[in-house]
Undergrad: 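What follows is a single structure, and I will ask about it in a moment.
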Amino acid sequence: MSKVAIYIRLSKEDEHKINKENDSESIINQKNMLVSYAYEKKWEIYKIYSDEDYSGSDIARPAFNEMLKDAETGKFQILLCKSLSRFARDVATVETYIHDRFIEWGIRFIAPADYADSGQKGSRKNIQINSLVNQWYLEDMSENIKSVLRHKKQQGQYLSAVPPYGYKKDPENKYRLVKDENVQCVVEKIFEMALSEHSLSSILRYLNNSYICPPTVYRKTGQVTYEGNIKHTQWGNSSLSQLLNNPIYAGNLVLNVWGTKTYKSKYSTKKPKEEWIIHENMQESYVGLIEFEKIRSIRKNRNSFITNKNNKLPNPYKGLIYCGVCGGKLTLTVENSKAKGLYYRCMAPIEGRSDCKGVRISQKWISEILTSEIKRLINEYLEYGANYSLDKSDKKDTLKSIKAEIQSLRTQLHSLQTGLSESFLEKVDEKISQEEYDIIRNSLMNRISGIKDAIKDKENRILNIKQAQEESKNMESFINENKDFDVLSREIIISFISRIVVNERNSKKKFDYNVVFEYKV
């Protein structure tokens with residue numbers, strides 16, 4: 001007697017659910033239908049696999065993957081699904097398993113509702129057509145959802161589940177933001193201090209010394225403050241910087257900033273600025289737009305100097321130097337003890353942000369070491385020529401080969417477009433049916449779209465290579481102008497160095513620092 005596995009799935013979009021403890025009516029119907037079908041065929045049911053609240057495009061379904069593992073090890077010979085869409089809604093998954101691995105594993109796939117049976121001759125075409133239709137359904141649904149969401153964003157509706165710190169959703173309109181009276185005074189104090197030109201460290205000290213819960217803790221617990229020094233509940237640079245840079249606090253709503261490239265993607269990427277949707281004066285602000293821009297200007301102008309007793313001291317490594325223990329940026333400080341001078345130090349212990357004990361390094365020592373390093377780089381650059389690079393990466397893709405690839409893709413594109421035209425003429429001459437033409441057309445259009453994307457990617461690679469060549473020429477010119485430099489300026493530093501990481505000292509020796517320089521060239 002053949003052993004059969006039954007796979008049933010209920011997607012997030014399916015309706016008529018009962019509750020979280022019980023199967024939905026749809027799951028019960030699928031189960032009853034498939035169990036009856038197996039009994040009629042006198043097959044032994046090995047196991048019933050069930051996934052609820054999972055899309056057919058999601059291959060990370062737990063029961064689905066358990067079933068595939070059992071199929072590979074030969075625990076059953078037949079897989080029974082109500083329809084092909086219950087198994088998967090995308091062509092790639094269907095092709096990979098039903099037409100490839102299942103054949104290798106000796107698994108027969110049957111979907112009674114679609115009259116699909118991989119054990120019958122000629123069934124492959126039927127399965128492929130159904131899988132194409134199912135994928136089109138997903139693509140259409142994705143586009144429809146995106147269209148609806150974009151329309152709502154254009155109307156100024158706030159759609160995110162979690163409002164920014166200092167705001168809550170209006171009880172009378174869940175798509176509108178109003179001030180959160182629980183933490184309103186905290187946000188007002190932050191902007192008041194920022195306008196008074198308090199540093200980020202100073203504001204962080206105030207928040208943490210006042211035992212004010214950071215946004216993540218407030219969202220989870222609803223507590224504005226906490227008692228005692230509880231670990232991992234302090235404000236940090238990132239959360240405070242995001243708040244001070246978010247135009248929502250000036251009354252403006254910026255939407256459609258992030259999104260996925262396709263319905264299959266699980267990761268969001270930042271969209272081009274021209275696709276952002278901006279609404280002004282959409283909610284009550286914490287700060288005026290002029291004051292908001294003033295705060296940004298104040299923070300930006302801190303880049304190259306620090307103020308000490310009305311004197312401006314050079315800060316050439318601002319934004320470049322980090323703590324290797326906690327990852328925070330190091331702050332330039334003036335030491336008035338025996339070791340007088342300028343030092344970069346991690347402020348985590350003072351601000352109570354983490355368990356980091358704080359690294360500390362002399363600006364003079366960094367400059368001495370970096371001067372030597374940059375002079376070495378310049379000498380090597382001049383010796384090996386403009387193609388010298390520290391990462392020694394072997395770039396095999398030359399402009400000539402990429403252009404040849406583009407030409408090949410354009411030839412394929414022309415062939416597909418010709419095939420599309422010919423299939424249309426065949427439909428007009430009634431050599432093929434409308435249904436057959438629609439299948440051919442959609443298949444060709446998908447391939448045409450893929451090739452156009454590939455051409456665009458390769459054209460972008462050509463632009464990147466040309467840009468790199470231009471940057472190389474600029475670097476060569478810059479090096480020739482500064483090869484005999486005496487003073488290590490910020491311009492020279494940022495031309496060669498992208499990041500400096502200061503780790504804990506190797507020993508207690510005065511200059512035994514563990515520093516890593518990350519280079520641009």
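Basis for what follows: all heavy atoms, side chains included, without hydrogens, waters or symmetry-related copies. Positions are given from 1 along the sequence. This one's a predicted model, so the numbers in the text were calculated from it and none came from an experiment.
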Undergrad: A side-chain contact here means heavy atoms from C-beta on lying under 4.5 Å apart; do Lys168 and Val178 qualify?
TA: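 They are in side-chain contact.
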Undergrad: Pair up each side-chain donor or acceptor in residues 248-256 with any protein partner under 3.5 Å, not counting sequence neighbours, and list the distances.
TA:
residue, atom, partner, partner atom, Å
Tyr249, OH, Tyr165, O, 2.5
Asn252, OD1, Asn281, N, 3.3
Asn256, OD1, Lys153, NZ, 3.3
Asn256, OD1, Lys271, NZ, 3.0
Asn256, ND2, Glu275, O, 2.9

Undergrad: Does NZ or CZ of Lys375 lie under 6.0 Å from the centre of the six-membered ring of Phe485, at an angle within 45° of the ring axis?
TA: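 Geometry flag: set, cation within 6.0 Å and 45°.
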Undergrad: Would you say that Lys458 contacts Ile455 through its side chain, given a criterion of any heavy-atom pair below 4.5 Å between the two side chains?
TA: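 Side chain of Lys458 against side chain of Ile455, heavy atoms only: no contact under 4.5 Å found.
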Undergrad: Can you name the residues that form a salt bridge (charged side-chain N to carboxylate O under 4.0 Å, His left out) with Asp170, not counting sequence neighbours?
TA: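 In terms of salt bridge (charged side-chain N to carboxylate O under 4.0 Å, His left out), with neighbours along the sequence ignored, Asp170 is linked to Arg176.
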Undergrad: Salt bridge between Glu291 and Lys294, side-chain N to carboxylate O under 4.0 Å?
TA: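 Here Glu291 does not pair with Lys294 in a salt bridge, since their nearest N and O are not under 4.0 Å apart.
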Undergrad: Partners of Glu104 by salt bridge (charged side-chain N to carboxylate O under 4.0 Å, His left out), sequence neighbours excluded?
TA: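 Once residues adjacent in sequence are excluded, Glu104 has no partner under the salt bridge (charged side-chain N to carboxylate O under 4.0 Å, His left out) criterion.
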Undergrad: With sequence neighbours left out, what residues match Glu284 under salt bridge (charged side-chain N to carboxylate O under 4.0 Å, His left out)?
TA: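 Partners of Glu284 by the salt bridge (charged side-chain N to carboxylate O under 4.0 Å, His left out) criterion, ordered by chain and then number, come out as Lys179.
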Undergrad: Decide yes or no for Phe87 and Met67: does some side-chain heavy atom of the first lie under 4.5 Å from some side-chain heavy atom of the second?
TA: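 Phe87 reaches Met67 side chain to side chain.
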Undergrad: To the nearest 0.5 Å, how far apart are CG in Leu207 and OG in Ser202?
TA: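 Going from CG on Leu207 over to OG on Ser202, the span is 9.5 Å.
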Undergrad: Where does the angle between the aromatic ring planes of Trp105 and Tyr97 fall among parallel (under 30°), tilted (30 to 60°) and perpendicular (over 60°)?
TA: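 Because their plane-to-plane angle lies in the 30° to 60° range, the rings of Trp105 and Tyr97 count as tilted.
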Undergrad: I need the minimum non-hydrogen distance between Ile492 and Asn482, along with the two atoms involved.
TA: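 Of all heavy-atom pairs spanning Ile492 and Asn482, the closest is CD1-OD1, 4.2 Å.
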Undergrad: Just by modelled atom types, is the Tyr54 backbone N or O under 3.5 Å from a matching donor or acceptor in the Arg9 side chain?
TA: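 Yes, Arg9 side chain to Tyr54 backbone: donor-acceptor pair under 3.5 Å.
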Undergrad: Could you pull out all residues at least two apart from Lys189 that satisfy side-chain contact (heavy atoms from CB on, under 4.5 Å)?
TA: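 Expected list: Glu192, Met193, Tyr206.
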Undergrad: Ignoring hydrogens, what is the shortest heavy-atom contact between Tyr519 and Arg376? Give both atom names and the distance.
TA: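 Shortest heavy-atom contact: OH-NH2, 4.1 Å.
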Undergrad: Taking the side chain as every heavy atom from C-beta outward, state whether Val217 and Trp235 have any atom pair closer than 4.5 Å.
TA: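 No; the side chains remain at least 4.5 Å from each other.
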Undergrad: Might you point out which heavy atoms bring Gly324 and Asn503 nearest each other, and give the distance in Å?
TA: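 In terms of heavy atoms, the two residues are closest at CA-OD1, 3.3 Å.
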Undergrad: For Asn182, check side-chain contact (heavy atoms from CB on, under 4.5 Å) against everything at least two apart and list the hits.
TA: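 So Asn182 forms a side-chain contact (heavy atoms from CB on, under 4.5 Å) with Asp180, Tyr218, Val224.
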Undergrad: Between Ile497 and Leu370, is any pair of side-chain heavy atoms under 4.5 Å apart?
TA: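 A side-chain contact under 4.5 Å exists here.
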